[in-house]
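A short worksheet on the structure shown next.
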Amino acid sequence: MIWGSGIPLGLQLLLTVAFVVILGMCLWTIGLYRRGQKAIALAPKAPTDAAAAWTWVFLVPALNEQITIGDSVERLLALPLANRHVIVIDDGSDDATPDILATFAHPDVHVLRRNLPDARKGKAAALNAAYRLIRELLPGVHRARVIVVVVDADGRISPDAPRYAAAQFEDPAVGGVQALVRIYNQTGFLTRMQDIEFSIYGRVYQAGRNRAGTAGMGGNGQFNRLAALDYVADATGPWRSRLTEDQDLGLRLLASGWRSRQEVRAVVEQQGVPGIRALLRQRTRWSQGNLQALDLVGAMWRSPFPRLARVGEILYLLMPLWQTIVGAAVVCAATLAALDIAPIWPSLEMLPIVYVLAFSNSVLGSLAARPAVGARSWLRALALAHLYALYTWLLYPVLVRSLARQLGTRRDWARTERVPLEPALSAT
């Protein structure tokens, strides 16, 4: 190891804390992996007519989405649902989006046009405007039997997703269900890694919290019981103006006592970001949103969940802190090696331990994301795990940038540009 008498005490403390954090994250991931696999195997049965007993409202925020909006609405109309409303919030688009929406002469499609100066005030404001419209569309409907689904303008909800979500909502304590996100434009290294990333997140870190009822909400493919949204809504609506308004809503639902689930059988496909600069910009926004969510730590601690579930959720909220510690330790170790103060490479007998600590998370995640059958599949999963580990380190700079933005005053963000459409993924 790199601890030694030549290393300043403060750096030795940092390295020790980082080692404890890495060990704890490995053990935690192993536990979530096991619980996630069990939760997936024991998911509630979903009869083919499970969605028929519910009213479905799809909210599609759209700001200059001419590339994807037509495809998204067509797919929502193709879902085998009888009681359905598709509310497209045109948030002041000045491209061809309004013209495309005008071609949908369908009774289930409602275009909510927002104009300046009310428009372009963020996704939360757009969603809240649609939430207020729901009352006009569904007078007298039992709101506990209405499911509100957020679908991004590039989103493609799988045809059987509603029935799987409906099966989860038969538990009256469930206020939110998150679909499994997949990437349909897997054209290069970055987009393929994003698909693995979302699969790992859904099948391990989300499904692993299903038993506790604390899975997070992720925006695209987010299903919410309308009565649960009513419970956390203020005069404006249930969503708050946050960089990750989806995560914020999910946490406030948990703080109010509503349970949430990850449903991996329900899939929503979306576009991945093919360029590194755009990807870093997107993930910096998400990371800054995670930092904003830290003000909900106290609310989560006061939530009615068992103590162990509350502690686990708070530790998860503090993930930016743990990642910062580990990253700082890696930089420290590399600096010590460059200055010839301490070696960066472990001794031969310690190499297996260091390898397990460094790669066990990505290996388990890759196996969960792409279940391996046979020797070739196992070797492929192992290779992907190491590529995925490299990908996660490519994203590490977002922590530094998001912290700098949060400590400053910058909260503005440009939307992620769409790329030309690709065919949908085949079911896997």
Side-chain angles (χ1 to χ4, degrees), residues 31-32 35-47 49-57 59 83 131 134 138 141-150 161-180 202-203 205-219 221-234 237-240 245-266 268 293 296-317:
L32 287 177
R35 291 196 293 272
Q37 295 300 296
K38 186 175 181 179
I40 293 171
L42 298 177
K45 294 181 179 179
D49 61 348
W54 299 81
T55 298
W56 300 85
V57 180
L59 307 184
N83 303 315
Y131 168 80
I134 292 175
L138 303 174
V141 174
H142 186 25
R143 294 169 78 87
R145 300 297 295 180
V146 178
I147 298 177
V148 178
V149 192
V150 178
R163 73 181 179 97
Y164 288 126
Q168 297 283 3
F169 279 110
E170 289 300 335
D171 180 348
V174 172
V177 174
Q178 177 61 45
L180 180 68
R203 293 179 177 274
Y205 297 100
Q206 285 274 82
R209 293 184 284 164
N210 266 4
R211 182 177 178 182
T214 59
M217 294 293 99
Q222 171 185 333
F223 295 72
N224 287 116
R225 193 187 301 268
L226 182 54
L229 295 179
D230 294 340
Y231 196 86
V232 298
D234 57 19
W239 285 276
R240 293 199 300 175
E245 81 296 323
D246 44 7
Q247 178 194 36
D248 177 82
L249 174 69
L251 289 170
R252 287 186 293 115
L253 287 172
L254 293 177
S256 299
W258 289 95
R259 299 173 68 86
S260 56
R261 304 263 175 81
Q262 169 72 50
E263 177 52 80
V264 301
R265 298 171 298 178
V268 59
L296 291 170
V297 168
M300 278 305 307
W301 179 249
R302 295 187 297 271
S303 69
F305 286 88
R307 180 175 298 179
L308 187 59
R310 285 180 283 148
V311 170
E313 193 64 18
I314 290 172
L315 290 176
Y316 187 77
L317 277 174

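This chain uses plain numbering: 1 for the first residue, then up along the sequence. All values below come from the heavy atoms of this structure, side chains included, with hydrogens, waters and symmetry mates left out.
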Compare all side-chain heavy atoms of [X] with those of [Y] and state whether any distance is below 4.5 angstrom.
X      : Y      : answer
Phe223 : Arg261 : no
Leu317 : Leu251 : yes
Leu138 : Val57  : yes

Result of checking Leu253, Leu226, Leu249 against Pro238 for side-chain contact (heavy atoms from CB on, under 4.5 Å): Leu249
For the backbone of [Y] and the side chain of [X], can you confirm whether one donor and one acceptor N or O come within less than 3.5 Å of each other?
X      : Y      : value
Arg203 : Gly36  : no
Gln262 : Gly216 : no
Arg163 : Ala46  : yes
Gln178 : Met217 : no

Please find the pair of heavy atoms, one from [X] and one from [Y], that lie closest to each other, and give the distance.
X      : Y      : answer
Arg225 : Asp171 : NH2-O, 3.0 Å
Pro304 : Ala255 : CD-O, 3.9 Å
Glu313 : Met300 : CG-CE, 3.5 Å
Gly202 : Val264 : O-CG1, 4.1 Å
Val311 : Trp301 : CG2-CZ3, 3.8 Å
Asn210 : Ser260 : OD1-O, 4.5 Å

When you look at Arg145 and Glu170, which way does the salt bridge (charged side-chain N to carboxylate O under 4.0 Å, His left out) test go after all the steps? CA-CA 9 Å; Arg145 300 297 295 180; Glu170 289 300 335; 3.8 Å; yes
Report the distance from atom [atom1] of [X] to atom [atom2] of [Y], rounding to the nearest 0.5 Å.
X      : Y      : atom1 : atom2 : value
Trp258 : Asn224 : CH2   : CG    : 10.0 Å
Leu32  : Arg211 : CG    : CZ    : 13.0 Å
Asn83  : Trp54  : CG    : CH2   : 12.5 Å
Thr55  : Ile134 : OG1   : CD1   : 11.0 Å
Ile147 : Phe169 : CD1   : CZ    : 5.0 Å

[X], [atom1] atom: more than 12 neighbouring heavy atoms under 6.0 Å:
X      : atom1 : value
Tyr316 : OH    : yes
Arg143 : CZ    : yes
Leu308 : CG    : no

Side chain to side chain contact (heavy atoms under 4.5 Å, CB included) between Val150 and Asp246: does it pass, once the steps are laid out? CA-CA 9 Å; Val150 178; Asp246 44 7; over 6 Å; no
If the plane angle is over 60° it's perpendicular, under 30° parallel, otherwise tilted; pick one for Tyr131 and Trp239. perpendicular
Verdict with reasoning, Arg35 to Lys38, per side chain to side chain contact (heavy atoms under 4.5 Å, CB included): CA-CA 5 Å; Arg35 291 196 293 272; Lys38 186 175 181 179; 5.6 Å; no
Asp248: which residues meet the side chain to side chain donor-acceptor pair (under 3.5 Å) condition with it, sequence neighbours left out? Arg240, Arg252
